[in-house]
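A single structure is presented below for examination.
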Amino acid sequence: MDYEKELLELWEKEGRHIARRTGDKKYFITAAFPYPNSPQHIGHARTYTIADVMARFYRLIGYSVLFPMGFHVTGTPIVAMADRIKEGDRELFDIFEKIYGIPREKYEKLTDPKDLVMFFAREIEDGMRRMGFMIDWSRKFYTFDPYFERFIQWQMKKLYDKGYLIKGKHPIPFSPKLNSSVGAHDTKGDVDPEIEEYVGVLFESEFGYLVAATLRPETIYGITNIWVRSDESYLVIELDNKTRIVVGKKAWERLKYQFQNYKEIESLEGRVLIGKRVKVPLLNVYVPVYHGDIVKAEEGTGIVMSVPGHSLFDNYEYSKISCSYPIIIAVDGKLSDASVHIPKDIKNLDEANREFYRKEFISGFHIPLNTTVKEARETTKANLFKSGSAIKIYSIANGPIYSRAGDEVVVKVIDNQWFIDYSNRDWKEQTKQLLNSMKIIPEDFRTRFENTIDWLDRKACTRTRGLGTRFLFDQSQIVESLSDSTIYMAFYLLTPYLNSFRPDQLDESFFDYIFYGKGEPINDAHRAMRDEFLYWYGVDSRHSGVDLIANHLTFYLFNHAAIFDKEYWPKAIVTNGSVLMDGKKMSKSLGNIIPLKRAIEKYGADTIRMAVVANSDIKSDTNFSENISKGIRERLEEIIKLFSEPHIGSDIDDWLRYRFFSKIASIPDMYRNYEIKKVVDTMFYEFYNDLQWAIKRGLRGVPRDIVRYWNIAMFPVIPFTTDMIHRKLFGISVYDEKFELNIAQRNYHPEDLFREIVQDLETLRNSRSFSKVRIGIAKPWKFEVYKLLSDKTSIADIIAKYPEAKELIAKLKNRAYTISFPYQYDEVYEYLRRNLDWLSNYMKIDIQIGEERQKYALPDKPEFIVE
RNA sequence: GCAGGGGUAGCCAAGUCUGGUCAAAGGCGCCAGGCUUAAGACCUGGUCCCGUUGUGGGUUCGUGGGUUCAAAUCCCACCCCCUGCACCA
């Protein structure tokens, strides 16, 4: 696709992608900026291409369009990746080499996160340029930029002033060896650690409180005893200089990270605990401590509360001692007894237990509290904490997980964690107001936004490591990456002017002036920033993947509602599904990732654009495959060929024009509704069919007005091909065209009817061979009836006028209600007569026309009498 | 568990908001014909069942009910599948 590269240079030279302010109508469009930790693959292309199509469309209908792009480098994955390169991680190298084809000498130097960022950012930018995206690169920035840091600090200050920033405790996955929090990218096998919260129930004993961790605190009402291991060691720990707890020594190795202030007092042998009696909270009864083989010293706290009635494990163990125990839960009106569910093969105990838990949780009734199990759990939990008889215990639910450094990931609780308080009711209310004022594409997802606004709770907004902005109220921490990317779209409006300032000049009043108009500008650049903001802001269309609704996009709404005045609120959010590769999800392990650059080289940018944007509806996943791309490529080449042939007028031009212009009239609305697939179906596929018919009917070259408008209509989707044709045929670029339609068009053309008749005739010929046919046109009164039906005349009236129409209408059945038939008898007759020679020739048979002889003909279905 | 999306012919996939032109677009696959020495590519036609000299009949859009002159489309109930649930980009 050589012309694509040539055009890129031309566009660059002509400055086609610089955003210019040309009038009052503006369109500010943004797509989620990329995170440069690897090259792009075709999956990334979809969102940007949709955004680009919209940017180009609005430019075509006369808007000033701004479509900027930057790079999000905040967070830990890039840092982790740089570390992995330093460590010589084989797995990572394989991905670089086998999937992306990056030679070793290029990536192995990228051990500094900043170098890594710059390398991949350049790769990505290249790819985006090559795709033809109309991005104004003069506004590019990186989120580790000191100016951007000041901007985010301003944002945090505003949130703080409104009371939306709060501080508290928070559990995180943690690697003691790395001495750092871990995300999926820091683990062996890229596992995302999930944290599970247990209730650690405190049982008073002579040594301190024995802590038993449970997910089912409500079963405490059925407790019989406590399990420990007589062959393991236990520790007495003093928390916060007051509470003494007892936990397993091995368990404590993991648990200790969950406490800030503790002292190890003494070590106990498990057998010392056996036979002691401990006090059960809430019930205020005493139960004994027994040895249990089912207890695993390193799991939980190494101490288990025994509820034989409602745990298969406990039941199994307890049955060695006694078979009498309380049952406190009923399912379907019957007492639920764990012993009934013990499987024959004891290996299946775990699975059976899970099933049993589930059943009791969903449909169980808690007898002592006289309520459902679900409710009893909440009540019991609340009461335990209220009475100080429980502490929170966390564990890795999908563990064990090992960090890059090889140690096991544990849960650490940090107590100086800052949160953005998305649980704030007033804030939620205001965000909903914002949502209500917006267009959501596709509209089906509006409820998802509503629900997310409701469910969102406090969001931890700082991290201890990674690239990014230092947190304003604790400079040792970094603003977490989903929290520093909620209003960055406004920053694009400042970037061209930043070099007139030092970062430290960007204080609170600096931004207050730009975004609120408070105070006076310090210089012209400052004034220009305010001006840019006033002109562009209020993002007209924000593009992103469907998967970001539950976090980024909703944070985006919250923060805009909090920070900006109503006039500057976003106008629309557009989300799209992802790209599948031959029907499968792209993944590193499947190795089915196609790097964008390689795909462009093979098929050309226009083909890829079309493949990712026009193959399915915006909200569903779209499929990419070699076949699809090849098909598009070939069709494109065919169109180029057809359009290049010189046009010599013919009778069919008129019909083709009518078909084309009646189609194109609806194109702008399709774009406005983001129905890009429909645009392509109409212009590319349907029109192509018409073209094929016209060629059969003697078309010689495509009329130039059609080519011109086709180029304009398709330019947003396939800018290279259309601009190439345009420059060649008309000597101007499509960029200089306007999508304006003031062409008077007809509503119908007898050729349409003629085409149908020919097709019917062909069908007939396929089932039978004959050499002569007489076409009998329906009698004129039938045309009259069709017209009356088209005018929605009541059927009774029609029959009153034409009694013989009764049979005809009966035959039409439901169609009678919807018929729309504009043709007159004479018109049809005349048209057929005029095209008789062509038809005879085409069908290679002898054809005559006349009035119908039998009574079966309809105005749109003449009778055929064959010989 | 909570929330969201979805079940359409051999497969993929439109249509559902705004009921009728829907036996249901388009693509793939398959079949026949054309082109070709031939294969591929391409072009034409066919592809639910029956009938057949075309405009005919029957049965379909997860299942079962309902509303309507008319339902893939509206209402109710049920069954099944997929995705997200956070501090991570």
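Only this structure's heavy atoms are used, side chains among them; waters, hydrogens and symmetry mates stay out.
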Next item on the list: Could you check whether A:Ile549 gets within reach of a base, just the sugar-phosphate, or nothing at all, counting any heavy atom under 4.0 Å?
Entry: nothing
Check: How is A:Ile172 classified with respect to the nucleic acid when contacts are heavy atoms under 4.0 Å: base, sugar-phosphate, or nothing?
Finding: nothing
Next item on the list: For the pair A:Asp484 and A:Thr469, evaluate side chain to side chain donor-acceptor pair (under 3.5 Å) and give the outcome as yes or no after the intermediate values.
Entry: CA-CA 8 Å; A:Asp484 81 346; A:Thr469 294; 4.7 Å; no
Next item on the list: Look up atom CG in A:Leu456 and atom CG in A:Asn451, then write down how far apart they are to the nearest 0.5 Å.
Entry: 11.5 Å
Next item on the list: Hey, can you tell me if A:His72 and A:Phe33 have their rings parallel, tilted or perpendicular (30° and 60° cut-offs)?
Entry: parallel
Checklist line | G-U wobble or Watson-Crick pairing nucleotide for B:rG20 (cut-off 3.5 Å, both distances) | finding: B:rC69
Note to self: Do A:Leu482 and A:Tyr556 make a side-chain contact, defined as non-hydrogen atoms from C-beta onward lying under 4.5 Å apart?
What the structure shows: no
Check: What is the distance from CZ of A:Phe687 to P of B:rG26, rounded to the nearest Å?
Finding: 18 Å
Check: Once you round it to whole Å, what is the distance between P of B:rC85 and CD of A:Glu196?
Finding: 16 Å
Checklist line | Whole-Å distance separating the CD atom of A:Glu378 from the C1' atom of B:rG1 | finding: 11 Å
Check: P atom, B:rC78 versus B:rU83: distance in rounded Å?
Finding: 24 Å
Check: Using the C1' atom in both, what is the distance from B:rG57 to B:rC11, to the nearest Å?
Finding: 29 Å
Check: Which of these nucleotides, B:rC87, B:rA25, B:rC88, is closest to any side-chain atom of A:His170?
Finding: B:rC87
Notebook entry, point to check: Base, sugar-phosphate, or nothing: which does A:Thr76 touch, judged by heavy atoms less than 4.0 Å apart?
Noted result: sugar-phosphate
Next item on the list: Report, as a single string ordered 5' to 3', how protein heavy atoms within less than 4.0 Å touch nucleotides 4-9 of chain B: B base, S sugar-phosphate only, - not at all.
Entry: SSS---
Notebook entry, point to check: For A:Tyr35, what residues pass the ring pair (Phe, Tyr, Trp, His ring centres under 6.0 Å) criterion, not counting sequence neighbours?
Noted result: none
Margin query: Using a 4.0 Å heavy-atom cut-off, does A:His552 contact any base of the nucleic acid, only the sugar-phosphate backbone, or nothing at all?
Written below: nothing
Checklist line | Euclidean distance for C1', B:rG29 against B:rG10 (whole angstrom) | finding: 8 Å
Margin query: In this structure, how many angstroms lie between the P atom of B:rA86 and the CD atom of A:Glu194, rounded?
Written below: 7 Å
Margin query: From the set B:rA89, B:rC87, B:rA3, return the single nucleotide nearest to any side-chain atom of A:Leu548.
Written below: B:rA89
Checklist line | For B:rG1, the Watson-Crick or wobble counterpart (both distances under 3.5 Å) | finding: B:rC85
Item checked: Proximity to the side chain of A:Lys677 - top-ranked nucleotide from B:rA25, B:rA3, B:rC88 -> B:rA25
Check: How far, in whole Å, is B:rA9 from B:rC61 if one measures between their P atoms?
Finding: 10 Å
Check: For B:rC78, which nucleotide in any strand shown is its Watson-Crick or wobble partner with both distances under 3.5 Å?
Finding: B:rG62
Notebook entry, point to check: Do A:Asn559 and A:Tyr164 have side-chain atoms, one donor and one acceptor, less than 3.5 Å apart?
Noted result: no
Check: What residues, two or more places apart in sequence or in another chain, satisfy side chain to side chain contact (heavy atoms under 4.5 Å, CB included) together with A:Ala376?
Finding: A:Glu218, A:His366, A:Leu369, A:Thr371
Checklist line | Strand partner of B:rC42, provided both Watson-Crick or wobble distances fall under 3.5 Å | finding: B:rG34
Margin query: Applying the Watson-Crick and G-U wobble criteria at under 3.5 Å, what pairs with B:rU47? Answer none if nothing qualifies.
Written below: B:rG29
Next item on the list: To the nearest Å, give me how far apart CG (A:Asp484) and P (B:rC88) are.
Entry: 14 Å
Next item on the list: With a 3.5 angstrom cut-off on both distances, give the Watson-Crick or G-U wobble partner of B:rA14, or none if there isn't one.
Entry: none
Margin query: Both A:Ala550 and A:Thr462 contact RNA chain B. Which one's nearest nucleotide lies toward the 5' end?
Written below: A:Ala550
Item checked: Residues A:Asp690, A:Arg755: salt bridge by 4.0 Å N-O rule -> yes
Notebook entry, point to check: To the nearest Å, how far apart are A:Leu642 CG and B:rC43 P?
Noted result: 12 Å
Item checked: Separation between the C1' atoms of B:rG54 and B:rG46, rounded to whole Å -> 15 Å
Notebook entry, point to check: If the P atom of B:rA25 is compared with that of B:rA72, how far apart are they to the nearest Å?
Noted result: 14 Å
Note to self: Say we look at B:rU59 and B:rA70: how far apart would their P atoms be, to the nearest angstrom?
What the structure shows: 15 Å
Margin query: Quick one, A:Met670 and A:Thr682 - any side-chain contact, counting heavy atoms below 4.5 Å?
Written below: yes
Notebook entry, point to check: Atom NZ of A:Lys459 and atom C1' of B:rA86: how far apart are they, to the nearest Å?
Noted result: 6 Å
Note to self: Distance check, C1' atoms only: B:rC30 and B:rC12, in whole angstrom units.
What the structure shows: 15 Å
Checklist line | Residue A:Arg463, side-chain heavy atoms: nucleotide from B:rA86, B:rA3, B:rC87 that is nearest | finding: B:rC87
Notebook entry, point to check: Could you go step by step and tell me if A:Thr143 and A:Thr74 meet the side chain to side chain donor-acceptor pair (under 3.5 Å) rule?
Noted result: CA-CA 6 Å; A:Thr143 56; A:Thr74 309; 2.9 Å; yes
Next item on the list: Any strand is fair game: report the nucleotide pairing with B:rU52 by Watson-Crick or G-U wobble, both distances under 3.5 Å, or none.
Entry: none
Notebook entry, point to check: How would you label the contact of A:Pro173 with the nucleic acid (heavy atoms, under 4.0 Å): base, sugar-phosphate, or nothing?
Noted result: sugar-phosphate
Notebook entry, point to check: Between A:Phe558 (CZ) and B:rC87 (C1'), how many Å, whole number?
Noted result: 15 Å
